[in-house]
Amino acid sequence: MTEHARLNPAVTITRQWWHSSTVYQIYPRSFADSNGDGIGDIPGIISKLDYLEKLGIDLIWLSPIYASPMDDNGYDISNYQDIAPEFGTLDDFWELLAKAKERGIGIVLDLVVNHTSDEHDWFLQARKGRDNPFRDFYIWRDPGPDGGPPNDLQSIFGGSAWELDPSSGQYYLHLFSRRQPDLNWENEGVRRAVYDMMNWWLDRGIAGFRMDVIDLIGKQPDKKITADGPHLHDYIQEMRRETLRHRDALTVGETWSVTPDSALLYSGRERHELSMVFQFEHVTQRWDEVFGKWRSKPFDLVALKAVFSKWQQALAEDGWNSLFWGNHDLPRAVSRYGDEGEFRVPSAKTLATVLHMMRGTPYVYQGEEIGMTNASFTSIEQYKDIETLNMHRLHLAAGLSPQDFIAGAHMNSRDNARTPMPWTDAPHGGFTTGTPWIEANGNVGSINAAAAVDDDQSVFHHYRTLITLRKTHDVIVYGRYQSYLDQHPEVFLYTRTLGGDRVTVLANLSKAPVVVALPGEIVTEGEALVWTHQPISSLEQTVSLRAWESFCILTRT
């Protein structure tokens, strides 16, 4: 890379260290097992830090590692200041923190404060009686007029969001599993306890928090308001004052309800509540209106481009985007948006290119960098995810056939992202010497990290290039986004411009060759930055693209 790549001063936003960073999400249960019990753990993560350093990532986001009965694989926390025994100990975590820091890698923890486990001491105390000091840490209501739940509010995991506590005769709210009672954020004591916990971790050197379903903490269940309650941003602003205001931490909120306008309430420069939020419009646009994600709509590139362009433009001058294809709740990118068969490698590379060249902070979900595919499960007995199992029961009761449900689960079950990370072509992909808690993919012989690292044309090395480019070219970090050929059903074309630098990104997101006529202003000569098939340094008026071919050209004036 040239020395003058970062000298362009034409930046209209205050630089932050995380603008040029790349985040790698680890689902600890499925990443690396050090002791053969079939469950990934913190020592296993430590053993793979060299791999992550080689990839070039700056931050590791850890899905919850706190003490938990694991009703929802750790998103049901019983102690915020201890580690689940299957993952290790606090001493293991301090070692991970230190050894990651030695490699220039920060640790971001998952902050799950919409709810706790029903085994958290707060809830155990709350159940002791209506006059217990912790009773108001949670949301309790008397039965409705018919003796049933207070209202018809539904759990995101299916069924009523209210669970009867027989000993007190009241119902408590759980927007997720019945074993995940919702915290009452209207109680100042809850907020103070959460802020104290956050400061405890921040004082010990973590780099920040990913905030689980943060848009739900302002809920008002009596009015059936779950997301975006009237005091949501009051709470987040208070959280910032009490924990984050004087710290240089990264914060990203999971916000399924966010819009381009409300995103600026979270991350706009005037409020700056969080560094950024996750928006999911590109995910939900493919969900069925009746069956949701369990029955997918066909891939529509025109619609997908419209979503990305809308968000790139909406946050062009203020706020910040999170860039991601997948996470622990979503299907594998190459199976969802690419081609998991013949064109797995070029489609994985192309998906990475069109995302990483946009404005925002990229998030790489474990295994994405080697082109992992969805699980090939054929039976409901192979699934472990509580949401999938609940929805299977409810959808069959509603008349959906078992075969149709399994087809939907193959596309969208959360377990697609949770199969073990394949490190080698050994049994279970080298994830464990024991029996894994969930079956490994059947293709670990051909899709594994060792093979990817050894092949300089692999998806892994393509990701390395993209991550390096973001660190060395301001135009990729801050450049103005402009899309072209918005109605083309196979081609994705956009530019990023900053001062005299322009990056042109051209991609064929289909399994057929395409000949495309380009706008005159796109015709250019420059430097080939990254490519799937061969380096391209010039564009003519007409371009022929192979199946899933993509490339980027840097032009300087």
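Values reported hereafter were calculated over all heavy atoms of this structure, with side chains retained and with hydrogens, waters and symmetry mates removed.
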Evaluate the salt bridge (Lys or Arg N to Asp or Glu O under 4.0 Å) criterion for residues E163 and R179: first the C-alpha distance (whole Å), next the side-chain angles of each, then the deciding distance (0.1 Å), finally the verdict. CA-CA 9 Å; E163 181 73 11; R179 298 200 58 194; over 6 Å; no
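- Of the listed residues (D76, D71, D72), just one forms a side-chain hydrogen bond (donor to acceptor under 3.5 Å, both in side chains) with Q180, and that residue is D72.
- Annotation: the span from W18 atom CH2 to D248 atom CG amounts to 9.0 Å, rounded to 0.5 Å.
- Under the 3.5 Å distance criterion, with hydrogens and angles disregarded, a donor-acceptor pair is assigned to the side chains of T373 and N443.
- Using cut-offs of 30° and 60° on the angle between ring planes, the pair W201 and F93 is perpendicular.
- Contact of the Y66 side chain with the L109 side chain is registered, since non-hydrogen atoms from C-beta on lie closer than 4.5 Å.
- Donor-acceptor pairing under 3.5 Å is recorded for the side chains of T89 and D92.
- Note on ring orientation: taking the six-membered ring where Trp is involved, the planes of H328 and Y27 are parallel (angle under 30°, cut-offs 30° and 60°).
- In this structure, the side-chain contact (heavy atoms from CB on, under 4.5 Å) partners of I406, at least two apart in sequence or on a different chain, are I380, Y383.
- Between Y363 and F278, the gap from one ring centroid to the other is short of 6.0 Å.
- Counting only heavy atoms from C-beta outward, the side chains of L216 and D182 never approach each other to under 4.5 Å.
- Taking 4.5 Å as the limit, every side-chain heavy atom of E549 sits out of range of all side-chain heavy atoms of P346.
- Partners of Y171 under the ring-ring contact (aromatic ring centres under 6.0 Å, His included) rule, at least two apart in sequence or in another chain, do not exist in this structure.
- Counting heavy atoms of neighbouring residues, nucleotides and ligands inside a 6.0 Å radius, atom CZ of R178 does not exceed 12 of them.
- The aromatic rings of F137 and W122 lie perpendicular to each other, with more than 60° between the two planes, well past the 30° mark.
- T532 and W548 are not linked by any side-chain donor-acceptor pair at a separation below 3.5 angstrom, with hydrogens and angles left out of the test.
- Checked against the 6.0 Å centroid criterion, the rings of F87 and F31 do not qualify as a close aromatic pair.
- Aromatic ring centroids of Y80 and W200 lie 6.0 Å or more apart.
- Ring pair W185/Y235 is tilted by interplanar angle, where 30° to 60° counts as tilted.
- Listed by chain and residue number, D33, H428, P436 satisfy the side-chain contact (heavy atoms from CB on, under 4.5 Å) test with T432 (two or more places apart in sequence, or in another chain).
- Counting only heavy atoms from C-beta outward, the side chains of H392 and L389 never approach each other to under 4.5 Å.
- Classified by interplanar angle (parallel below 30°, tilted 30° to 60°, perpendicular above 60°), the ring pair F324/H282 is perpendicular.
- Side-chain contact check for W437 and S30: at least one donor-acceptor pair (N or O, by modelled atom type) lies under 3.5 Å.
- Not less than 6.0 angstrom separates the ring centroid of H174 from the ring centroid of F157.
- For W325 and F308, the gap between ring centers is short of 6.0 Å.
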N73 and K384: CA distance, side-chain angles, deciding distance, side chain to side chain donor-acceptor pair (under 3.5 Å) verdict: CA-CA 10 Å; N73 285 349; K384 307 296 183 184; over 6 Å; no
